[in-house]
> 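Shown below is the structure under consideration.
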Amino acid sequence: MITAGIDMGSKYVKVVVLKDGVIRGKAIGATGFEPVAAAEKCLEKAATDSGIEISAMDHITSTGAGRKVAPNISSDVTDVSAAARGVVHLLEGIQTIIDIGAEEGRGIKIDANGKVVDLAVNEKCAAGAGAFAEAMSRALDVSLEEFGQLSLKSDKTIPMNAQCAVFAESEVVSLVHAKTPKHDIAKAVHDAIASRIVSMVRRVGINKEVALIGGVSHNPGFVDALNRGLETQVIVPEDPDYVGALGAAIIAGERSH
Amino acid sequence: MTMYKTEPLRCWKKAKELRLKYYKDYQEAHSKGGIRWTGGAWAFDAIPAGLGRDVYHITGEPYGASLAFNRELSLECLEAAEAKGWARDLCSYMRNYWGSMYLSKYAFGGEYPNPDFCFQDHICCSHGKWYQHVAEYKNIPYFCIDVSVGPYKDLDENRLMFVVNQMHESIEWLEKITGRKYQDELLIEAVENETRCTSAWAEVCCLNMAKPAPLDEKTMYSLYVHGTLAKHSKEIADFYEELRDEVKYRVDNQIAAIPDERCRLMSDTQPPWGFLKVFRYLEQFGAVSIGSLYTFGLIGIWESKPDGSWGPRTTPMQKGKKITSRDEALRVLADWNLSKPEWQHFYDPNLKTEMMLQIVKQWQVDGVMLHLNRGCEGLSCGIMENRIGIAEAGVPVMTFEGNMGDEREFDEKRVVSRIDSFMETLGMKMLDKPAGAVQSS
Amino acid sequence: MFAKFFDWYENRHDYARDWLAKNDGEVVGCFCSYAPEELIYAAGLLPVRVLGSHEPQDVTEPHIFGMFCPFCRDVLAQGLKGRYDYMKGITLAQSCLHLRQSYTSWKNHVPVDYSFYLYMPNKVQTDHAYSYYSEELVKFRKSLEKWTGRKITDESLRETAELYNENRRLMREVYDLRKQSNPPLTGLDAMVMVASSFFVDKKEHNAELTRILPDLKSRKLDRETGVRLMIVGSEDDDTEFVKMVESVGSTIVVDDHCTGSRYFWNLTEFTGNVLPDIATRYINRPPCPTKDWEERTRLPHILNLAKEFKVDGIILIQQKFCDPHEADMVPLKDYLNSNGYPTLFLEFDVTVPVGQMRIRVEAFLEMLGVEELF
């Protein structure tokens, strides 16, 4: 059984090729303004990486924001279900998944088979996570990578309003004017974002074990803040960027029966 | 080949005509020597009816919804309200209404027709304040009846009398400001029509227990609205009885709203009026929304039957009781309205959760969609506790954020994505070739 | 001089636990300033207003939808976080929808032995409200008696009402001192004085007020009064904000909000029937906007206060998402401006960007005239 999963993210396309349940190849590429072309290129790359021709694949399932326009597919699935299935394949005992993208943060409750049981999303109030962190790193004139590392240097707890991103931004400006050290501000921002996420995840219940996926999982400062907020250690799977594509590939396998 | 046969509603045309006539009558009232007043959909419209047969009114919420449905005009109205300095998180019906008033643009063409007075009742924080502002802006008299006396199950004489006493007071006030002599027979007639109207609407909703559902919620919105316009009107009571008979005919002949009905859902709070197409999107999964506490219980009046099920409230006439005095009419009117399902949750979200689970059981609902409506603090009051209660009862439930009357706060793409996830949870895939429900959008 | 009040305000839980250890009664949380505390006190219980802690929190989102005011969510958070685990009873006299949810969610998720929801009228402008509410208070009294096993006699109610009146009179007396050109207390002192009264036995609060009043009358503050300001809004015990405002050349000399003057402004008048008298007192008090219709009585009341206290400018404190106050805001602003009082509108959350607000307050003060700052 050979399947592939294409995750058509708004920023990146990711592809995973599975043969008999084992990952044989993968590829990632920028989506740009031509998602279909980007997906085709990425699928070819993954095929080459796996040594398997596209024509030999039994079933290809797409997921992600642009899943409906993905090329060569036999079916599509929401990224929520794909993420859940991917996580369960990689990690044991997960009951809660936190998925933070640039625009949306999600809390997903799953059962032992990786089926989605409940879902919460960061709504309009306290919206966003990744995008906010990016904006704040720019405000402090550091790169996003540095921003996370910077926050780990601080041991202070400066409360920031965790509800409204606009209010929080105002508070950051106040802190800058008060000559607060950058690393303390960085930590305050990370704590505030993490608090919003924790707040949202409580809606589906924080049941151990908790997995973290999505772009922000690369930010060690955020992971640290999240662990403190959740009062547990989140587990970040290997290659968290590919979890969606992996899940889609697994679902493709189930569907081709 | 679809699962069920389907057919357009025969009374659809009449429904549209009745609604437009209502708004036209209000507009033309003065030219015929009549009275115009404005208030909420929950106001006791049976009371001003005692002033004569030429009394017309517009109710703020359906009017606000009509504005919201016209997204271009709505945006103008909302921006006009904001330009005056009003906050954006205030009731979006109210902001649409005020904007229409400031711009003097009637949603049905022409200028905003000035009312002679405001008449309202108060249960949510905005109710009393809405028409306070209209009255001061238009410099007209205003009377508002406080109905926040607790849930119906705990109603006692003291609480009932608080409402009834205010009602008596309001009649004296109406006589004073209009100079007209009040006619109790007209009040009695109006009260009787109201009980008939609202009970008949509940009957219509009950018929949706059938599988397949004869009506889908999007269609129901265009039908329940009449009860929000003038629930005391004989015409509308008659119309609902006619509608009930037609829907019964549909049930008897297995005529469906959605020919491929495979999944039954229930919603909550007002829908996002500018984006009713989300209901059409549901149909692509063979999912039909059979209604909601909102559609059933905003206008419909219900009671628990001896077998514990929910059914239309028995009217005084059905009990063989004839109202013979003003006081009796007011007592019936107050008691009748205080039993309104949508008035109970203001005191305890658990009461609403109970009712919602009752609907899930009786109407055989597979999943619940809660519209976290930023435009209405009243109907969103306690909604997160409802979510918890429904989830704890093992019923699949999803939430989506939006605004009934402010399209800028509705993210269509996101909501569609949420629906997709929810449908997956329910194990529903899109139909290969969905045949849509018969009513046009 | 106000140290005791600050102590009570900052250590409210310690006080409550201490009270429980020394008294044979329970603590009852009140969720709105409209709660008729006299009945609770007369039953041998300690009524305390539940306020927030002005900290960001992440526990209320599953319970209260994010578009309701931050204050009501902050209040609920205190319960969910176990800060009131000593409190066995809760009560609400209904007013706004937002705070109502704090009460109902608390009841659902925080263990309490006793709860009572009072269907206080929202139409306080009808004569029918008095008899209706008196009857509702009869129910409340019976319920309290049943829970405590104690009879609440008319005499004990009368005594308690007089005790509460005394507290109100004393606080009015302190407020009157703020009418002077050099008030002997800051707005911060006053805010904490009033807020602390929510948390303690009124007997003790009265004793402390009585103790400081003589000295207070002759006290000279070592600061410039500066511009005389009034704050108008909903719930506000934001001491950080008040501190900031009073550090840039102004003094808050009076207020209209529900953790301020609205709470204690009017007294119970005795006509011989104590329960109806208490009902009357609450119906007639300066209203929350949700109870201020069909007439706008709040506006002339605020204007009068501004005049009596010789206010130069008014800061309108709008708690984010608070519908009742938002629904008054435009007419209120217009009314005050057209009566010669400049206003500054500020939107509040449970934490505020004090730095940003400082700039706006300073600009407002400059606008009010350089000659005021000396």
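Throughout, protein chains are lettered first and strands after them, A, B, ... in sequence-line order, and every chain is numbered starting at 1.
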> In terms of heavy-atom proximity below 4.5 Å to chain B, should C:Lys291 be classed as side chain, backbone, both, or neither?
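Neither the backbone nor the side chain of C:Lys291 comes within 4.5 Å of chain B.
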> Would you mind checking which part of B:Gln120 comes under 4.5 Å of any heavy atom in chain C, side chain (CB onward), backbone (N, CA, C, O), both or neither?
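It is neither, since no heavy atom gets under 4.5 Å.
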> When only pairs under 4.5 Å are counted, which of B:His133, B:Lys84, B:Glu136 shares the most heavy-atom pairs with chain C?
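That would be B:Glu136.
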> For the candidates B:Ile388, B:Ile145, B:Thr399, which exhibits the highest count of non-hydrogen atom pairs separated by less than 4.5 Å from chain C?
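Of B:Ile388, B:Ile145, B:Thr399, B:Ile388 has the most heavy-atom pairs under 4.5 Å with chain C.
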> Do you know which of B:Ala135, B:Cys144, B:Cys91 has the most heavy-atom pairs with chain C at a distance under 4.5 angstrom?
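Heavy-atom pair counts peak at B:Cys144.
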> Would you kindly say whether C:Asn284 and C:Tyr130 are connected by a side-chain donor-acceptor distance under 3.5 Å?
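Result is yes, a qualifying pair exists.
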> Under 4.5 Å heavy-atom distance to chain B, tell me which part of C:Gln94 shows up: side chain, backbone, both or neither.
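Answer is side chain: those atoms of C:Gln94 sit under 4.5 Å from chain B.
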> Please rank C:Asp334, C:Asn108, C:Leu92 by heavy-atom pairs under 4.5 Å with chain B and give me the top one.
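With the most close heavy-atom pairs to chain B, the winner is C:Asn108.
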> Quick check: closest heavy atoms across C:Asp238 and C:Val350, and the distance to 0.1 Å?
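Heavy-atom minimum between the residues: OD2-O, 4.2 Å.
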> Which label fits B:Phe119 and B:Phe117: parallel for a plane angle under 30°, tilted from 30 to 60°, or perpendicular past 60°?
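It falls in the perpendicular class, over 60°.
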> Does C:Arg285 make a cation-pi contact with C:Tyr34, if we ask for NZ or CZ under 6.0 Å from the ring centre and within 45° of the axis?
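Satisfied, under 6.0 Å and within 45°.
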> Most heavy-atom pairs under 4.5 angstrom with chain B, which of C:Ala129, C:Cys288, C:Ser131?
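The candidate making the most pairs under 4.5 Å is C:Ala129.
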> Would you call the rings of B:Trp130 and B:Tyr97 parallel, tilted or perpendicular, where under 30° means parallel and over 60° means perpendicular?
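Aromatic pair B:Trp130/B:Tyr97 classed perpendicular.
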> Quick check for you: among C:Ser95, C:Cys322, C:Pro289, which has the greatest number of heavy-atom pairs under 4.5 Å with chain B?
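The option with the most such pairs is C:Pro289.
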> Would you mind telling me which of C:Phe65, C:Phe71, C:Phe68 makes a ring pair (Phe, Tyr, Trp, His ring centres under 6.0 Å) with C:His98?
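Among the candidates, only C:Phe68 passes.
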> Salt bridge check, C:Glu294 against C:Lys123: does any charged N sit closer than 4.0 Å to a carboxylate O?
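Counted as a salt bridge, because a side-chain N and a carboxylate O are separated by less than 4.0 Å.
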> If we define contacts as heavy-atom pairs under 4.5 Å, which of C:Arg296, C:Met120, C:Lys333 has the most with chain B?
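That would be C:Arg296.
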> If you tally heavy-atom pairs under 4.5 Å against chain B, which of C:Thr290, C:Ile64, C:Asp292, C:Asp323 wins?
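Heavy-atom pair counts peak at C:Asp323.
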> Sort C:Glu326 into side chain, backbone, both or neither according to what part of it lies under 4.5 angstrom from a heavy atom of chain B.
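Both parts, heavy atoms under 4.5 Å.
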> Can you name the one residue among C:Tyr103, C:Phe140, C:Trp147 that meets ring pair (Phe, Tyr, Trp, His ring centres under 6.0 Å) with C:Phe116?
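Option passing the ring pair (Phe, Tyr, Trp, His ring centres under 6.0 Å) with C:Phe116: C:Phe140.
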> Between B:Ser148, B:Ser126, B:Gly128, B:Gly85, which shows the greatest number of heavy-atom pairs under 4.5 Å with chain C?
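Highest number of pairs under 4.5 Å: B:Ser148.
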